[in-house]
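Worksheet: one structure, shown below.
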Amino acid sequence: MSAAEEVVAEGHEAVEAVPKRAMTLGTGTSLVVLAALLIAPVFVKNFIIFQMTMLLIYGLAVLALNILTGGSGQFSLGQSAFYAVGAYTTAVLMEHFNVNYALTLPIAGIVCFGFGFLFGQPALRLSGVYLALATFALATAMPQLLKLNFLEHWTGGVQGLVVTKPDAPFGLPMSQDMWLYYFTLVVVIAVYIFSVNLLRSRSGRAFMAIRDNEIAASAMGVDVALYKTLAFGVSAAITGIAGSLGAIAVQFVAPDSYTITLAISLFLGMVVGGVGWLPGSIVGAAFIIFVPNIAEAISKGLSGAVFGVLLFLVIYLVPHGARQVAILSQGWIANINRK
């Protein structure tokens with residue numbers, strides 16, 4: 001978030017943007033959310049637990065995009081490519097080299113960091129819509145690259161790879177889905193804490209200075225080229241970890257699972273959750289997972305049209321997403337307490 005306050009006009013009301021110190025939820029709210037996430041799997045069936053796991057995974061991928069776009073101001077429509085690289089890294093390591101699933105996560109993160117950092121180098125000359133088009137090209141090309149004949153032995157080609165879902169360790173009395181949910185939750189919390197601290201650090205301030213005014217940031221001594229590529233690398237690494245978890249949860253990877261549609265969905269999740277507001281990532285993930293199902297329940301034949309109408313209503317009513325709702329709710333609660 002910018003250190004300066006932004007003012008967003010909605011109708012006749014002014015809504016202040018979230019300052020840096022409030023980029024996270026309050027301690028009380030955070031504890032309530034954490035308690036709900038810890039307790040919920042105990043009372044639901046495995047399919048619901050699987051959906052909750054995917055919610056956390058997509059939330060992690062949206063958070064990664066939030067760091068890149070909300071933090072450093074760089075637009076990307078290529079996150080599906082990094083997600084695919086992370087997923088295939090885990091699938092290949094697990095199925096061809098028998099590497100423990102937990103160890104594949106940092107490896108996927110490192111591989112994707114390198115991939116994102118290298119991609120960020122030529123992208124330095126691009127910004128705005130041109131950068132978005134370059135990343136769009138990356139997302140479009142990735143499924144085709146994964147189908148190349150010389151990679152088929154490792155990637156499985158068009159047919160993909162089946163990934164073995166891990167059992168709970170130490171003989172813990174829980175299902176595979178429940179164990180994977182709690183494992184994913186621990187990883188997501190760790191990455192979330194890292195992301196918050198990153199944006200509050202010197203590097204995070206450099207990201208936001210570049211986002212607000214690249215020329216001014218350069219004049220103040222910020223190495224714009226380094227920090228822009230670093231933002232791409234960090235975002236790609238977190239997206240790769242999300243892809244790695246996604247491969248384990250779904251138990252399957254295939255090129256057509258990581259098309260441009262996934263990239264657009266992640267971008268949509270970031271907008272709905274609130275650009276630059278990290279807690280909104282989980283709200284955006286919930287939107288892209290559950291709203292299509294709601295639209296299909298309303299009308300199977302016109303599910304796409306219904307989804308479009310619902311999306312239009314959300315963007316029209318709360319153009320700054322869940323962040324705006326949180327700010328308004330905070331204001332209403334403060335007014336009630338004063339009375």
Note to self: Could you check whether atom CZ of F290 has more than 12 heavy atoms from other residues, nucleotides or ligands sitting under 6.0 Å from it?
What the structure shows: yes
Item checked: Side chain to side chain, S203 and L198, heavy atoms closer than 4.5 Å -> yes
Item checked: Set of salt bridge (charged side-chain N to carboxylate O under 4.0 Å, His left out) partners for K165, sequence neighbours left out -> D177
Check: Do T239 and C112 have side-chain heavy atoms sitting under 4.5 Å apart?
Finding: no
Check: Once the angle between the rings of F287 and F307 is folded into 0 to 90°, is it parallel (under 30°), tilted (30 to 60°) or perpendicular (over 60°)?
Finding: tilted
Item checked: Contact summary for S257 and L262, nearest pair of heavy atoms -> O-CD2, 4.2 Å
Next item on the list: Find the distance between CG (L133) and CG (L138) and round it off to the nearest 0.5 Å.
Entry: 12.5 Å
Item checked: Minimal non-hydrogen separation, S244 against T104, with atom names -> OG-OG1, 3.7 Å
Next item on the list: Supply the atom-to-atom distance M220 CE to N213 CG, rounded to the nearest 0.5 angstrom.
Entry: 8.0 Å
Check: Is L118 linked to L230 within one hydrophobic cluster, defined over Ile, Leu, Val, Met, Phe, Trp and Tyr using a side-chain heavy-atom separation of less than 4.5 Å?
Finding: no
Checklist line | Residues forming a ring pair (Phe, Tyr, Trp, His ring centres under 6.0 Å) with F47, sequence neighbours excluded | finding: none
Next item on the list: Please confirm whether the backbone N or O of A64 pairs with a side-chain atom of S235, one donor and one acceptor, at under 3.5 Å?
Entry: yes
Checklist line | Pairwise side-chain contact, I238 with L60, heavy-atom cut-off 4.5 Å (strictly under) | finding: yes
Next item on the list: Measure across P143 and K147 and return the closest heavy-atom pair with its distance rounded to 0.1 Å.
Entry: O-CG, 3.3 Å
Next item on the list: Working to the nearest 0.5 Å, report the span between CZ of F194 and CG of L199.
Entry: 9.0 Å
Margin query: Do S80 and F267 make a side-chain contact, defined as non-hydrogen atoms from C-beta onward lying under 4.5 Å apart?
Written below: no
Notebook entry, point to check: Other than L302, which residues form its hydrophobic cluster under the rule that side-chain heavy atoms must be closer than 4.5 Å?
Noted result: none
Checklist line | Partners passing side chain to side chain contact (heavy atoms under 4.5 Å, CB included) against L37 (at least two apart in sequence or in another chain) | finding: V33, Y181, L185
Note to self: Determine whether F252 and V163 satisfy the following criterion, side-chain contact (heavy atoms from CB on, under 4.5 Å), listing intermediate values before the conclusion.
What the structure shows: CA-CA 5 Å; F252 181 70; V163 180; over 6 Å; no
Check: Given the rule that I, L, V, M, F, W and Y join up when any side-chain heavy atoms are under 4.5 Å apart, are L148 and Y258 in one cluster?
Finding: no
Check: ring pair (Phe, Tyr, Trp, His ring centres under 6.0 Å) with F50: which residues, sequence neighbours excluded?
Finding: none
Item checked: Linked hydrophobic residues, I336 as query - side chain contacts closer than 4.5 Å -> none
Notebook entry, point to check: Say you draw a straight line from CE of M174 to CG of L180; how long is it, rounded to the nearest 0.5 Å?
Noted result: 11.5 Å
Item checked: Side chain S329, main chain V325, donor-acceptor under 3.5 Å -> yes
Item checked: ring pair (Phe, Tyr, Trp, His ring centres under 6.0 Å) partners for F75, two or more places apart -> none
Next item on the list: Specify the closest pair of heavy atoms between G78 and A263, including all atoms of both residues, with the distance to one decimal.
Entry: N-CB, 4.5 Å
Margin query: Please enumerate all residues that pass ring pair (Phe, Tyr, Trp, His ring centres under 6.0 Å) together with F136, with sequence neighbours excluded.
Written below: none
Check: Among all residues two or more places apart in sequence or in another chain, which pass the side chain to side chain donor-acceptor pair (under 3.5 Å) test with N46?
Finding: S175
Notebook entry, point to check: Partners of D167 by salt bridge (charged side-chain N to carboxylate O under 4.0 Å, His left out), sequence neighbours excluded?
Noted result: none
Margin query: Are Q51 and N293 packed together at the side-chain level, in the sense that at least one heavy-atom pair is separated by less than 4.5 angstrom?
Written below: yes
Note to self: Does Q159, at its CD atom, have more than 12 non-hydrogen atoms belonging to other residues, nucleotides or ligands within less than 6.0 Å?
What the structure shows: no
Checklist line | Residue pair V306 / S299: nearest heavy atoms and the distance that separates them | finding: CG2-CB, 4.2 Å
Check: In chain order, what residues pass the side chain to side chain donor-acceptor pair (under 3.5 Å) check against S72, with sequence neighbours excluded?
Finding: Q74
Notebook entry, point to check: For I57 and M54, what are the C-alpha separation, side-chain angles and deciding distance, and is it a side-chain contact (heavy atoms from CB on, under 4.5 Å)?
Noted result: CA-CA 5 Å; I57 292 170; M54 294 307 300; 4.0 Å; yes
Note to self: Taking the side chain as everything from C-beta on, heavy atoms only, tell me whether T164 gets closer than 4.5 Å to E95.
What the structure shows: yes
Notebook entry, point to check: How would you list, by chain and number, every residue that makes a salt bridge (charged side-chain N to carboxylate O under 4.0 Å, His left out) with E152, sequence neighbours excluded?
Noted result: none
Next item on the list: Check whether V196 and I193 end up in the same hydrophobic cluster, where Ile, Leu, Val, Met, Phe, Trp and Tyr are linked by side-chain heavy atoms less than 4.5 Å apart.
Entry: yes
Checklist line | Shared hydrophobic cluster, Y192 / L31 (ILVMFWY, side-chain heavy atoms < 4.5 Å) | finding: no
Check: Is L266 close to Y58 at the side-chain level, that is, under 4.5 Å between some pair of heavy atoms?
Finding: yes
Next item on the list: Verify side-chain contact (heavy atoms from CB on, under 4.5 Å) between R211 and M208, making sure each step is shown before the conclusion.
Entry: CA-CA 5 Å; R211 177 199 65 191; M208 289 180 277; 3.9 Å; yes
Item checked: Between CD1 on residue I327 and NE2 on residue H320, distance to nearest 0.5 Å -> 9.0 Å
Notebook entry, point to check: Do L145 and W154 belong to the same hydrophobic cluster, where Ile, Leu, Val, Met, Phe, Trp and Tyr are linked whenever their side-chain heavy atoms lie under 4.5 Å apart, directly or via other members?
Noted result: no
Notebook entry, point to check: Where do M52 and T184 land on the side-chain contact (heavy atoms from CB on, under 4.5 Å) test, with the steps shown first?
Noted result: CA-CA 10 Å; M52 293 174 63; T184 302; over 6 Å; no
Item checked: Smallest separation among heavy atoms of L278 and L63, with atom names -> CD2-CG, 4.3 Å
Next item on the list: Take the angle between the ring planes of F82 and F119 and call it parallel below 30°, perpendicular above 60°, tilted in between.
Entry: perpendicular
Check: Can you find a pair of side-chain heavy atoms, one from Q79 and one from L68, that are under 4.5 Å apart?
Finding: yes
Notebook entry, point to check: When you look at CG of L313, are more than 12 heavy atoms from neighbouring residues, nucleotides or ligands closer to it than 6.0 Å?
Noted result: yes
Next item on the list: Could you tell me the separation between the OG1 atom of T90 and the OH atom of Y88, rounded to the nearest 0.5 Å?
Entry: 12.5 Å
Check: Given F232, which of T135, L124, I67 fulfils the side chain to side chain contact (heavy atoms under 4.5 Å, CB included) condition?
Finding: T135
Notebook entry, point to check: With under 30° as parallel and over 60° as perpendicular, where do the rings of F183 and Y101 fit, or are they tilted in between?
Noted result: perpendicular
Check: Would you say the side-chain atoms of N66 pair up with the backbone N or O of V275, donor to acceptor, closer than 3.5 Å?
Finding: no
